[in-house]
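Ligands are counted one by one from 1 in listed order, and the atoms in each one are counted from 1 as well.
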Amino acid sequence: MLYQNILFDQEAGVATITFNRPDKLNALSHEMLSEFKDAVARVRQDPEVRVLLLTGAGRSFIAGADIKVFLDFDPLAARAFAASAHETGFALEALEIPVIACVNGFALGGGLEMAMACDFIYAADTARLGQPEINLGIIPGFGGTQRLARLVGKGAAKEMVLTGRLVNAAEAKALGLVAQVFPTDTFMAECLKVARSLAAKGRVSLRAAKQAIDRGFDLDLKNACLLEVDAFALCFASPDAHEGARAFLEKRQPNFL
Ligand code: COA
């Protein structure tokens with residue numbers, strides 16, 4: 001597929017998808033959504049990709065669904081659009097590699113919802129995040145009512161979703177929505193630094209860690225810990241586990257597969 005609304009770059013195991021309609025603050029149109037979905041499938045099929053970054057061109061990550069498309073919506077069209085976005089969110093979550101949302105500016109509505117489907121969010125210090133749908137007479141439809149509550153708790157999620165207010169990067173970090181905040185000037189360089197360090201870690205241990213947290217999250221503690229035991233044991237199916245221990249004892253950097 002030829003991309004006109006996103007950019008796709010790949011270098012040294014790090015793939016970057018950049019939402020690219022800067023004049024519309026990267027509002028999520030049907031076309032952008034289908035290109036994004038295609039790019040996520042491409043990442044899933046490419047064993048060379050070890051880390052995925054999402055970011056936006058210009059001063060926005062994604063400023064929400066393209067509000068223009070709402071004018072033509074009836075309930076069936078709205079349902080299809082939201083269901084398609086959910087498929088993409090689930091596809092992102094199902095990737096076995098780490099996925100980082102690099103929120104360079106506005107992450108609003110569907111933008112914040114896509115970011116929350118990533119493993120974690122980094123934000124530029126000038127970023128603003130929120131679920132402002134209530135101000136349009138609608139509610140979040142791409143997972144916002146569910147993932148936001150799971151990330152920041154029910155009360156804080158309700159306060160954001162019901163008021164529609166935007167939070168800045170510092171508040172988002174205090175809420176636990178954002179993992180780290182970096183200065184805007186060096187933002188992508190900082191994100192790439194982390195991505196490269198993740199790309200140098202063991203594939204099996206990264207995958208086991210991600211899956212243990214994701215799959216265990218909705219289980220009771222005992223079953224979740226049993227799942228962790230299996231994931232821990234799986235790490236020893238890779239030579240990386242012995243290499244990691246050996247490298248530590250030999251006081252050198254490990255060479256993971
Ligand atoms: N859908 C469609 N177009 C959008 C958009 C969206 N979600 N968000 C921004 N745009 C467009 C604007 O219409 C404008 O286009 P134009 O230049 O052709 O008029 C362009 O992007 C720039 O936006 P503008 O509003 O002029 O920038 P700003 O700096 O004054 O304000 C925001 C930035 C993000 C506060 C404001 O654009 C906004 O509130 N956007 C909508 C956010 C939203 O409700 N998202 C949830 C949608 S479900």
Side-chain angles (χ1 to χ4, degrees), residues 3-7 17-37 54-90 92 101-118 121-152 156-173 175 177-178 181 184-185 187-188:
Y3 299 144
Q4 291 177 330
N5 298 274
I6 63 169
L7 304 171
I17 297 173
T18 306
F19 302 107
N20 192 30
R21 295 178 73 207
D23 52 326
K24 297 290 175 194
L25 303 184
N26 307 323
L28 202 56
S29 59
H30 287 291
E31 295 77 18
M32 192 198 274
L33 186 58
S34 77
E35 290 176 20
F36 179 37
K37 194 177 284 185
L54 304 185
T55 193
R59 62 191 178 100
S60 179
F61 177 74
I62 297 177
D66 189 335
I67 294 169
K68 209 164 80 182
V69 307
F70 294 165
L71 292 175
D72 300 325
F73 273 3
D74 59 14
L76 276 182
R79 183 173 232 284
F81 191 50
S84 173
H86 272 284
E87 268 175 32
T88 311
F90 287 133
L92 271 179
C102 305
V103 170
N104 53 303
F106 292 111
L108 308 182
L112 180 54
E113 290 167 304
M114 287 303 163
M116 290 189 293
C118 297
I121 301 176
Y122 285 158
D125 54 6
T126 49
R128 297 184 74 201
L129 304 88
Q131 298 286 169
E133 290 90 341
I134 206 79
N135 299 324
L136 300 169
I138 56 172
I139 68 165
F142 300 175
T145 60
Q146 304 309 309
R147 290 197 179 91
L148 187 60
R150 282 164 175 73
L151 276 167
V152 304
K158 282 185 186 166
E159 197 266 345
M160 281 178 66
V161 170
L162 270 57
T163 65
R165 93 182 162 88
L166 311 189
V167 298
N168 63 27
E171 187 180 356
K173 182 162 189 306
L175 284 167
L177 180 55
V178 155
V181 178
T184 299
D185 289 352
F187 181 58
M188 277 317 286

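Taking CG of L166 as the start and CG of L108 as the end, the distance is 5.5 Å to the nearest 0.5 Å. Atom CE of M114 is separated from atom CD1 of I121 by 12.5 Å, given to the nearest 0.5 angstrom. With rounding to the nearest 0.5 angstrom, the CG atom of L25 is 11.5 Å from the CD1 atom of I62. E31 CD to Q4 CD: the interatomic distance, rounded to the nearest 0.5 Å, is 9.0 Å.
Counting only heavy atoms of the protein, atom 36 (C) of ligand 1 lies nearest to L25 CD1, 4.6 Å. In this structure, the protein non-hydrogen atom closest to atom 41 (C) of ligand 1 is I67 CD1, 3.8 Å. Residue, atom and distance of the protein heavy atom nearest to atom 5 (C) of ligand 1 are A27 CB, 3.9 Å. In terms of protein heavy-atom proximity, atom 2 (C) of ligand 1 is nearest to D66 OD1, 3.3 Å. The protein heavy-atom contact nearest to atom 45 (N) of ligand 1 is A63 O, 3.0 Å.
Residue contact check: P132 has heavy atoms under 4.0 Å from atoms 43 (C), 44 (O), 45 (N), 46 (C) of ligand 1. Distances below 4.0 Å separate heavy atoms of R59 from the following atoms of ligand 1: 27 (O), 28 (P), 29 (O). Every atom of ligand 1 is numbered from 1 in the order shown, and the set under 4.0 Å from a heavy atom of L108 is 34 (C), 42 (C). Atoms of ligand 1 lying under 4.0 Å from any heavy atom of E133, numbered from 1 in the order shown and given with element: 48 (S).
Inter-residue side-chain proximity for E171 and N168 is flagged as met; some heavy-atom pair is nearer than 4.5 Å. The shortest distance between side-chain heavy atoms of F19 and L54 falls below 4.5 Å. For the pair S29/K68, no side-chain contact is recorded, criterion being any heavy-atom separation below 4.5 Å from C-beta on. Counting only heavy atoms from C-beta outward, the side chains of F142 and L28 approach each other to under 4.5 Å.
Between F106 and ligand 1, no pair of N/O atoms sits closer than 3.5 Å. Residue K24 places at least one N or O, backbone or side chain, under 3.5 Å from an N or O of ligand 1. Between G109 and ligand 1, a contact under 3.5 Å exists for no N or O pair.
Contacts between F70 and ligand 1, counted as non-hydrogen atom pairs separated by less than 4.0 Å, involve the side chain only. Residue contacts with ligand 1 for D23 involve N, CA, C or O but no side-chain atom from C-beta outward (heavy atoms, distance under 4.0 Å).
Here R128 pairs with nothing under the salt bridge (charged side-chain N to carboxylate O under 4.0 Å, His left out) rule; sequence neighbours left out.
Checking atom 39 (O) of ligand 1 against the protein gives no heavy-atom contact under 4.0 Å. The protein does not reach atom 12 (C) of ligand 1 closely, with no heavy atom under 4.0 angstrom from it. In this structure, atom 30 (O) of ligand 1 has no protein heavy-atom contact shorter than 4.0 Å. For atom 33 (C) of ligand 1, the protein comes within 4.0 Å by at least one heavy atom. Using a 4.0 Å threshold on non-hydrogen atoms, atom 25 (O) of ligand 1 does not count as touching the protein.
Both tests do not hold together for R59 against F187: distance to the six-membered ring centre under 6.0 Å, angle to the ring axis within 45°.
Between the side chain of N26 and the backbone N or O of S60 there is at least one donor-acceptor pair closer than 3.5 Å.
Ligand 1 lies out of reach of L28, whose nearest heavy atom is not under 4.0 Å from it.
Within a 6.0 Å radius of NZ in K173, no more than 12 heavy atoms belonging to other residues, nucleotides or ligands are found.
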